[in-house]
Amino acid sequence: MKLYCLSGHPTLPCNVLKFKSTTIMLDCGLDMTSTLNFLPLPLVQSPRLSNLPGWSLKDGNAFLDKELKECSGHVFVDSVPEFCLPETELIDLSTVDVILISNYHCMMALPYITEHTGFTGTVYATEPSVQIGRLLMEELVNFIERVPKAQSASLWKNKDIQRLLPSPLKDAVEVSTWRRCYTMQEVNSALSKIQLVGYSQKIELFGAVQVTPLSSGYALGSSNWIIQSHYEKVSYVSGSSLLTTHPQPMDQASLKNSDVLILTGLTQIPTANPDSMVGEFCSNLSQTVRNGGNVLVPCYPSGVIYDLLECLYQYIDSAGLSSIPFYFISPVANSSLEFSQIFAEWLCHNKQTKVYLPEPPFPHAELIQTNKLKHYPSIHGDFSNDFRQPCVVFTGHPSLRFGDVVHFMELWGKSSLNTVIFTEPDFSYLEALAPYQPLAMKCIYCPIDTRLNFIQVSKLLKEVQPLHVVCPEQYTQPPPAQSHRIDLMIDCQPPAMSYRRAEVLALPFKRRYEKIEIMPELADSLVPMEIKPGVSLATVSAVLHTKDNKHILQPPPRPAQPTGGKKRKRASDDIPDCKVLKPLLSGSIPVEQFVQTLEKSTQHPPVPFLLEQHGFSDIKVEDTAKGHIVLLQEAETLIQIEEDSTHIICDNDEMLRMIRIPRIPLSSKLRCLCLK
Amino acid sequence: MRGPAEGRRSPQACDWPACAQKIVGHIEDSLCSTAIPQVTQALSVLTTAFGHCHGLWTQGLWVRLSPLVARLLEKDPVPASHSLVDLLLSVARSAPSSDRGLWETLAQTLSHLSPTQAGPLALGILKLQDCPQALRTQAFGILLQPLACVLEAAAQAPGPPGLLEGAAGDSMTVDTLLSSKSACVGLLCCALAHLGLLQPLPQRPSPWPQAPLLGAAVTILRLCSGSAAPTSDVGGRLCAILVGCGRVQRAALDFLGALSQGTGPQELVTQVFSVLLEYLVSPESSSMVLKKAFQATLRWLLSSPKTPGCCDLDPHTQLFLTELLPVLQKRLCSPCWEVRDSGLEFLTQMTRHWGGQAGFRQALLASEVPELTKQLLRDPESYVRASAVTATGQLSSWGLCASPECPGAQQESLLVELLHILSTDSEGFPRRAVMQVFTEWLRDGHADVAEDAERFVAGVLQAASRDLDWEVRAQGLELALVFLEQLLGQRGSHCPYAVALPETAPPGVLAQALQVLCRVQLFEFAFRALFDCDRPVAQKSCDLLLFLRAKAAPCGSPQEAGDSPNVASVEATLQRWQAGEQGQPLGYLEPGAVVALLRSVDLEGLRDTLAESSDHVEKSPQSLLQDMLAAVGVLGENEADCY
């Protein structure tokens with residue numbers, strides 16, 4: 001069992017798990033912090049931004065001055081923003097069978113994976129994840145496409161040049177792999193590959209493993225995943241919350257008894273309690289508005305904004321803010337507010353019961369009805385007519401690099417009466433503000449991250465007791481700025497295994513058992529003998545039939561009629577080809593013998609799973625690092641024989657595509673036959 | 001058991017009556033028992049005995065039992081340690097200071113008990129009047145040890161001598177601190193609480209290590225907030241245990257507040273203010289922690305030294321204020337009502353003490369705090385409204401509510417607003433607060449009240465008389481009394497044994513005063529209150545009328561006023577009121593009729609009746625007997641058996 005780690009961002013994971021011949025991608029998060037290196041895209045022509053001086057090297061060489069601009073001591077790339085993709089070289093992504101999505105924030109790289117890597121599998125996600133994920137992607141595409149930029153900078157990415165640049169550009173990683181945003185067409189195509197799932201639904205993958213989404217309590221439709229076979233269980237915990245916010249609570253019980261628990265998506269701000277931050281948010285908002293200032297809240301169009309609006313709903317009357325308008329500006333604002341009201345089954349119990357009253361589960365419906373909250377697709381159009389100050393504006397993007405927020409930063413940045421309150425934890429607020437310096441408006445940082453903190457993780461691990469914990473390396477040491485805070489790391493026994501970007505981890509876990517079914521007629525023929533009370537044993541002679549990762553013991557084929565009337569011994573009567581079969585099942589496949597068998601035409605083939613496929617003439621054998629490849633050119637079939645598995649790849653018979661012969665220890669076979 | 005006469009030797013066990021010997025024998029058996037509940041019970045019995053009897057025989061009893069008690073200390077862990085500590089302290093309080101054996105046992109116990117168990121004993125020892133110095137030093141060491149460990153663990157570099165020479169590295173204390181979160185929190189909270197209790201006592205150890213204790217409190221608070229960055233292993237682990245721990249934060253803030261009574265080096269005092277500000281600013285401070293932080297800040301602010309030769313605030317305090325007020329402003333906007341409430345209470349106290357300081361006035365008026373406070377009069381939470389009423393009342397008393405441009409208009413609107421709250425607020429707390437503010441305003445001669453006190457009192461009493469909350473009505477009587485005192489002079493001494501003749505008011509003043517009182521309808525209010533269904537209101541009214549009667553004694557003759565038809569009808573109305581029919585108004589009363597009424601009503605008798613507590617019936621022996629009989633009746637047994 002191996003884990004390929006394609007993302008270095010602990011809350012925007014992208015990992016690939018190889019488990020029992022299946023290749024499962026766990027999330028595909030998109031690291032957008034790369035956009036902080038770019039200049040903002042202003043919706044309205046900004047003389048300030050367009051007149052920034054070009055950057056030149058220390059020796060005065062100004063060949064980069066078209067690409068790089070300087071603003072208050074920081075250097076920014078003047079180009080369409082680009083994103084840092086998950087690793088695409090570590091593993092051939094076309095071999096990924098399925099992608100499991102845990103929440104809408106962790107699927108933003110999906111179009112890059114499904115549209116550009118030869119991916120042919122299926123994506124599994126819950127309905128709210130897909131719908132809200134679509135909104136997030138739509139907003140992102142809209143933000144970037146509506147401000148077309150003629151220039152695309154690439155010179156600075158040259159490694160020799162990048163070395164000469166000031167930080168943070170100098171230290172930016174993998175810049176050559178950074179990509180521009182996808183198109184709506186790619187988004188639609190990517191989303192069409194998604195199959196919707198519900199909590200606790202069991203999905204069979206090739207008969208080998210079963211995957212199940214569980215509620216993770218973090219966002220609408222957010223899930224943790226259980227990936228299990230008959231004898232192994234891997235839990236994937238990503239972006240979970242134990243706080244009572246709007247989503248359905250986290251299902252912890254189902255995570256119990258995991259062999260491996262992959263833990264990602266913990267809170268990014270472990271020192272900030274979400275409740276305190278909401279309090280801080282309200283206090284600062286109220287204080288600013290009371291002084292006649294405006295409040296700007298850079299945010300995503302879904303998620304924490306629902307909770308913030310709910311808090312404000314309870315707070316505005318008591319704080320005397322009833323007359324202050326609240327604006328929510330996003331190309332998907334309307335859809336987001338409406339979608340939130342229709343996913344009743346994915347909401348917490350309190351909100352679910354409201355639906356039966358019937359009342360809208362979220363109180364923002366009432367805010368809209370009473371005109372306290374107004375939403376607009378952009379600053380253009382109706383908004384400019386209704387706009388009244390002082391006001392509170394919720395708008396994206398939290399990176400402050402694109403979206404309507406850029407306009408408000410330019411508009412309000414010069415007055416100290418105004419306040420920008422950062423609630424999304426994904427971006428460093430100081431870096432986000434860098435291209436707007438010097439800035440007179442007040443900046444408040446109230447990151448609201450409801451995901452698990454280390455105390456909650458510690459309790460969770462005690463509760464569910466996994467054998468092994470695997471997590472990003474950031475979680476196994478205190479934050480670099482607070483090296484004395486040993487409470488801000490995962491503390492478990494045995495210590496958690498950590499991974500980093502572009503690392504392949506062999507999980508400390510050996511598969512030992514495989515489930516084998518016995519055909520009823522064979523079971524009838526067994527004669528169990530009780531060897532001790534409660535345990536009976538029977539000898540069995542059968543043919544092991546393996547197909548689609550299912551193993552079935554079938555009655556052995558009837559022996560050919562004896563020709564000379566000579567009476568055979570009973571033992572050989574039952575298992576005529578026993579001697580030939582044995583080494584195949586318990587040891588490695590003897591390639592030469594195997595090839596000979598394939599070339600021969602026999603009545604009873606020694607390799608039962610090949611059935612009628614025999615008598616090939618053009619067989620080629622290639623040695624590989626892990627075993628052999630047998631090529632049946634005429635039949636366009638490839639047989640990969642490795643230490644622990646065999647794959648038969650052919651076009652003409654889809655059923656044979658994934659046949660595998662496992663090496664099963666003898667003891668496990670016996671165990672399977674013990675009858676209790 | 002009666003003790004022998006003074007001067008005699010303590011009696012030997014063989015002199016004791018048989019029943020006493022039997023009891024002592026049972027206690028001895030219990031003390032030797034392996035069952036902890038039995039040991040606990042024996043220790044509790046002895047604690048009670050030593051706590052209540054100080055005869056010579058108790059010494060004899062202790063001589064006989066102390067070896068058994070000492071034997072308990074040999075067990076590990078020491079059984080029933082709490083009860084053992086109680087017993088030893090009880091014995092120590094009653095024993096003569098020359099009892100060396102006892103002091104040895106106490107010293108032994110201190111060293112045998114775990115740091116957490118030894119804390120209460122150490123505190124008890126330090127509170128004793130006569131106690132050997134060595135034992136006091138040992139006990140004080142126990143209390144200081146946890147703080148010494150924290151100081152040592154968090155030290156960045158070897159600094160000045162620690163809190164406790166030689167005790168800092170006490171491994172048992174360190175082990176306890178690091179063993180678990182609950183043990184660490186428990187030990188630190190106990191140590192902080194014990195030292196906080198000890199601090200104001202005259203018998204506290206001397207020299208009192210004020211500076212290291214301040215340092216320890218600041219360090220603990222920093223560990224709890226995560227702002228300390230200890231380099232040692234122990235420090236790191238302590239930080240991990242304590243970070244975000246509200247219980248320790250509250251205990252440390254209380255302790256820090258208690259330490260404000262002493263002085264400290266300026267550098268440390270600066271650190272104290274900086275850590276307090278850190279807590280006040282931090283969004284992570286819970287409402288309870290914030291309340292404690294406000295309280296501690298207030299204590300430190302009020303104890304800050306005045307600049308010599310200048311009556312204004314010292315520069316450090318002034319600087320702190322400029323940082324503090326924006327924080328207070330934000331806290332007054334908090335969505336958590338407890339935080340708004342604590343902020344207002346803090347503001348009230350600060351204004352009460354510093355309302356006259358130019359520096360404070362200037363800083364406050366430059367901030368938005370007064371305006372925000374006024375807005376909180378309309379807060380949805382009644383407790384906050386009540387605190388806002390008190391705060392605005394206090395601000396107004398110091399002229400801090402008014403904007404410099406139009407002071408009159410602002411003040412008047414506040415008076416109207418408070419009257420509005422008094423007559424319309426649905427909750428009792430804000431209305432009570434308004435009454436308190438009004439009483440204070442009247443007493444202090446608030447400019448707007450003094451302008452037309454008569455109209456003010458009339459309006460307030462009218463609103464208070466209709467109030468359903470008895471505390472508002474009682475406060476109304478308090479206000480009436482203040483008004484009376486202003487008209488007729490102070491009340492006499494409250495001491496019942498003081499020999500003083502009632503001071504009557506000069507007839508001219510009295511007549512005029514009675515006219516005023518009648519105009520403001522104070523009598524209607526007071527007589528209605530006299531028959532109030534709530535006893536404290538009636539009692540207060542009774543006192544008020546008695547005071548008035550004493551003042552009005554020489555005014556008019558009883559005969560002439562008592563005969564007037566007006567008085568008769570008023571008496572009839574009063575009787576109906578007493579019977580519970582309070583619908584009918586009293587109507588306008590002439591001063592003469594009032595005096596007559598004051599004489600005719602049996603105020604003394606009423607006072608005596610009211611003085612009996614409402615449960616006097618239940619507490620009487622007759623009631624006890626009835627209860628017993630009722631209980632027996634339920635059991636179906638013979639009545640005679642109850643004796």
Side-chain angles (χ1 to χ4, degrees), chain A residues 269-293 295 307-308 310-322 417 419 421 423 442 444-448 453-456 458-459 477-479 481-489 491, chain B residues 153-154 156 181 222-246 281-287 289-290 326-340 343 367-369 371-372 374-382 384-385:
Chain A
I269 319 286
T271 50
N273 176 344
D275 284 339
S276 317
M277 289 299 126
V278 170
E280 194 72 359
F281 171 82
C282 290
S283 307
N284 283 297
L285 184 143
S286 151
Q287 210 184 328
T288 305
V289 174
R290 278 175 171 167
N291 287 342
V295 176
D307 298 315
L308 283 181
E310 184 155 0
C311 286
L312 288 172
Y313 169 79
Q314 293 160 358
Y315 178 64
I316 48 178
D317 286 335
S318 68
L321 304 176
S322 319
L417 279 179
T419 305
I421 309 181
T423 54
K442 283 197 285 282
I444 305 290
Y445 186 52
C446 303
I448 299 169
N453 63 30
F454 290 97
I455 300 170
Q456 292 164 334
S458 167
K459 281 185 188 158
Q477 58 216 13
Q482 293 166 295
S483 54
H484 64 287
R485 295 289 301 268
I486 52 172
D487 56 315
L488 302 182
M489 56 187 271
D491 179 24
Chain B
Q156 296 287 352
K181 180 164 180 162
R222 291 213 164 122
L223 285 170
C224 290
S225 70
S227 63
T231 44
S232 69
D233 269 4
V234 178
R237 284 166 66 191
L238 267 179
C239 183
I241 289 175
L242 292 179
V243 75
C245 177
V281 169
S282 169
E284 296 301 317
S285 298
S286 70
S287 56
V289 167
L290 211 54
V327 178
L328 181 61
Q329 213 164 294
K330 197 178 77 182
R331 293 302 184 191
L332 292 182
C333 293
S334 169
C336 173
W337 72 262
E338 290 94 336
V339 172
R340 299 197 295 274
S367 76
E368 291 143 31
V369 169
E371 180 54 33
L372 272 174
K374 199 149 179 274
Q375 286 180 20
L376 290 174
L377 289 175
R378 291 184 293 276
D379 198 277
E381 184 58 52
S382 64
V384 179
R385 287 201 300 279

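Hydrogens, waters and symmetry mates are skipped; everything else that's a heavy atom, side chains included, is used. Chain A is the first sequence line, chain B the second, and so forth, proteins listed ahead of strands; every chain is numbered from 1. Not measured: the values here are computed from a predicted model.
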Worksheet entry | Partner set under side chain to side chain contact (heavy atoms under 4.5 Å, CB included) for Ala153(B), not counting sequence neighbours |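 With sequence neighbours excluded, Ala153(B) shows a side chain to side chain contact (heavy atoms under 4.5 Å, CB included) to Ser232(B), Val234(B), Leu238(B), given in chain and number order.
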
Worksheet item: With only heavy atoms counted, which part of Leu372(B) is less than 4.5 Å from chain A, the side chain, the backbone, both or neither?
Response: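 For Leu372(B), the side chain is the part near chain A, not the backbone.
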
Worksheet item: Tell me, side chain or backbone of Glu284(B) under 4.5 Å from chain A's heavy atoms, or both, or neither?
Response: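 Contact with chain A involves both backbone and side-chain atoms of Glu284(B).
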
Residue among [options] with most heavy-atom pairs under 4.5 Å to chain A:
options: Pro380(B), Ser282(B), Pro335(B); value: Pro335(B)
options: Cys239(B), Gly226(B), Cys336(B), Gly244(B); value: Gly226(B)
options: Gly235(B), Gly236(B), Ala240(B); value: Ala240(B)

Worksheet item: Does any non-hydrogen side-chain atom of Glu371(B) lie less than 4.5 Å from one of Arg290(A)?
Response: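 Counting from C-beta outward, Arg290(A) and Glu371(B) never come under 4.5 Å.
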
Worksheet item: Can you tell if the side chain of Arg237(B) reaches within under 4.5 Å of the side chain of Ile486(A), non-hydrogen atoms only?
Response: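 Result yes, sub-4.5 Å side-chain heavy-atom pair found.
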
Practice prompt. For Lys330(B), enumerate each residue passing the salt bridge (Lys or Arg N to Asp or Glu O under 4.0 Å) test, keeping only those at least two apart in sequence or located in another chain.
Written response: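 Residues passing salt bridge (Lys or Arg N to Asp or Glu O under 4.0 Å) with Lys330(B): Glu280(A).
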
Fill in: chain B contact via Asn291(A) - which portion, at a heavy-atom distance below 4.5 Å
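When you check distances to chain B, only side chain atoms of Asn291(A) fall under 4.5 Å.
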
Worksheet item: Tell me, side chain or backbone of Ser483(A) under 4.5 Å from chain B's heavy atoms, or both, or neither?
Response: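 Ser483(A) has no heavy atom closer than 4.5 Å to chain B.
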
Item to complete: Please check if the side chain of Ser458(A) supplies one atom and the backbone of Phe454(A) the other of a donor-acceptor pair under 3.5 Å.
Response: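 Between the backbone of Phe454(A) and the side chain of Ser458(A) there is no qualifying donor-acceptor contact (under 3.5 Å).
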
Worksheet item: Under 6.0 Å from the NZ atom of Lys181(B), do we count more than 12 heavy atoms belonging to anything else shown?
Response: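 Count over threshold, so yes.
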
